[in-house]
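Read through the structure below, which is laid out as structure tokens, and then see the notes.
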Amino acid sequence: MISFKDDNPVKENERVCKCISFLFPDCFKLSVCPKSRKLVVPLQCSLNMLEGDTGCSVWPSSLFLSELILSYPHIFSGKSCFEVGSGVGLVGICLAHVKASKVILSDGDLSTLANMKLNLEKNRLNTETNLPEPSIENQNVVKCIHLPWESASEKELQNFMPEIILGADVIYDPSCLPHLVKVLAILLNKKKSYIENREGSIPNSFPGDGKVNDAHDLDASSFHAQRINTSEVKGIINNAVDLVSRADPVAYIASVIRNADTFDRFLALADQADLRIKELTSTLRPFDLLPYMKSYDRSSIRLFTVT
């Protein structure tokens with residue numbers, strides 16, 4: 001970890017360059033595993049977790065989603081992926097590594113967006129910023145867009161039509177939740193407009209699930225930590241294969257539930273928007289690719305799908 005400061009004497013924003021090293025176990029035979037069995041991602045970030053509206057720090061849920069992407073690359077490979085609240089860009093870098101067909105990263109803070117673009121360049125990825133939606137054929141190209149949730153329009157969002165939406169620690173501010181839910185509802189609904197859905201359409205289905213928990217069936221106190229063991233790996237991989245076959249868009253949200261009332265508010269808003277939420281915390285666990293990172297508490301993170 002290398003420390004340095006901004007040249008602007010007024011800001012004096014302290015920055016560090018962190019190298020996140022994902023260490024692949026010997027049993028890991030997938031093509032995403034480098035010959036060195038180590039993927040090193042350099043990131044410029046802040047030591048202040050709240051700087052840049054939470055965007056310039058490495059948050060635990062972004063580490064979790066990154067491990068998930070690298071553990072189950074077949075879920076994301078060849079898919080169009082869109083991240084809301086992309087922060088330092090770690091998730092996007094991992095999506096590019098597993099060869100997602102398109103990677104679009106968004107953030108509502110311009111300073112965070114600039115920092116994210118710098119990190120993509122540090123990892124030898126070309127960037128496009130706020131350009132008209134092109135056909136991205138080069139998998140080393142990542143599109144970065146400025147997207148404040150409160151001002152995002154339905155027309156703007158419908159231009160992207162991603163297959164997979166991702167979000168890490170985006171459920172934190174009650175005042176932002178209505179805007180976040182609106183963004184998710186538009187991105188997930190490829191058949192009808194969000195406005196039409198709110199006026200009385202049939203809720204989105206979740207193909208392939210025998211049992212789906214509606215948002216109002218969940219509450220923050222019902223979630224508990226579960227550790228993966230070797231006997232569960234086969235079942236988890238089967239679950240991952242099932243997820244690949246789904247035709248409808250799906251969002252993967254990783255979050256630490258710091259405030260139960262805030263999380264319950266998110267569930268209520270999602271229910272009103274005809275979104276369905278299912279917890280996969282105990283059924284789709286990533287491999288431990290960061291065994292040296294003792295401050296990273298994986299057990300506190302919950303993984304949800306939203307459809």
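The structure displayed is predicted, hence computed values, not measured ones. Just so it is clear, the values below take in all heavy atoms, side chains as well, and ignore hydrogens, waters and symmetry mates.
For Asn119 (side chain) and Leu90 (main-chain N/O), no donor-acceptor pair under 3.5 Å exists by modelled atom type. Checking side-chain atoms of Arg37 against main-chain N and O of Pro25 turns up a donor-acceptor pair under 3.5 Å. In terms of modelled atom types and a separation under 3.5 Å, the side chain of Lys102 and the main chain of Lys143 share no donor-acceptor contact. A donor-acceptor pair under 3.5 Å links the side-chain atoms of Ser71 to the main chain of Glu67, judged by distance alone. Side chain of Thr305 to backbone of Ala251: no donor-acceptor contact under 3.5 angstrom is found. Looking only at distances, a side-chain donor or acceptor of Ser106 sits under 3.5 Å from a matching main-chain atom of Glu83. In this structure a side-chain-to-backbone donor-acceptor pair under 3.5 Å is missing from Asp169 to Ser62. At distances below 3.5 Å, at least one donor-acceptor pair connects side-chain atoms of Asn123 with backbone N or O atoms of Pro42.
Not counting sequence neighbours, Ser255 has no partner by the side-chain hydrogen bond (donor to acceptor under 3.5 Å, both in side chains) test.
Partner of Leu166 under the side-chain contact (heavy atoms from CB on, under 4.5 Å) criterion, out of Ile253, Ile69, Val84: Ile69 alone.
Taking all atoms of both residues into account, the shortest heavy-atom contact from Phe64 to Tyr296 is CA-OH, 3.1 Å. Between Leu289 and Arg298, the closest heavy-atom pair is N-NH2, 4.2 Å.
The aromatic rings of Tyr72 and His74 stand perpendicular to each other, their planes meeting at an angle above 60°, with 30° marking the opposite boundary.
A continuous path of ILVMFWY side-chain contacts below 4.5 Å connects Phe287 to Tyr292, so both sit in one hydrophobic cluster.
In this structure, CG in Leu184 is found 11.0 Å from CG in Leu269, a value given to the nearest 0.5 Å. Here Leu63 contributes atom CG and Ile301 contributes atom CD1; the two are 7.0 Å apart, rounded to the nearest 0.5 Å.
A 4.5 Å side-chain heavy-atom check between Pro249 and Leu187 finds every atom pair outside the cut-off.
Between Asp107 and Lys117 no salt bridge is recorded (no basic side-chain N to carboxylate O distance below 4.0 Å).
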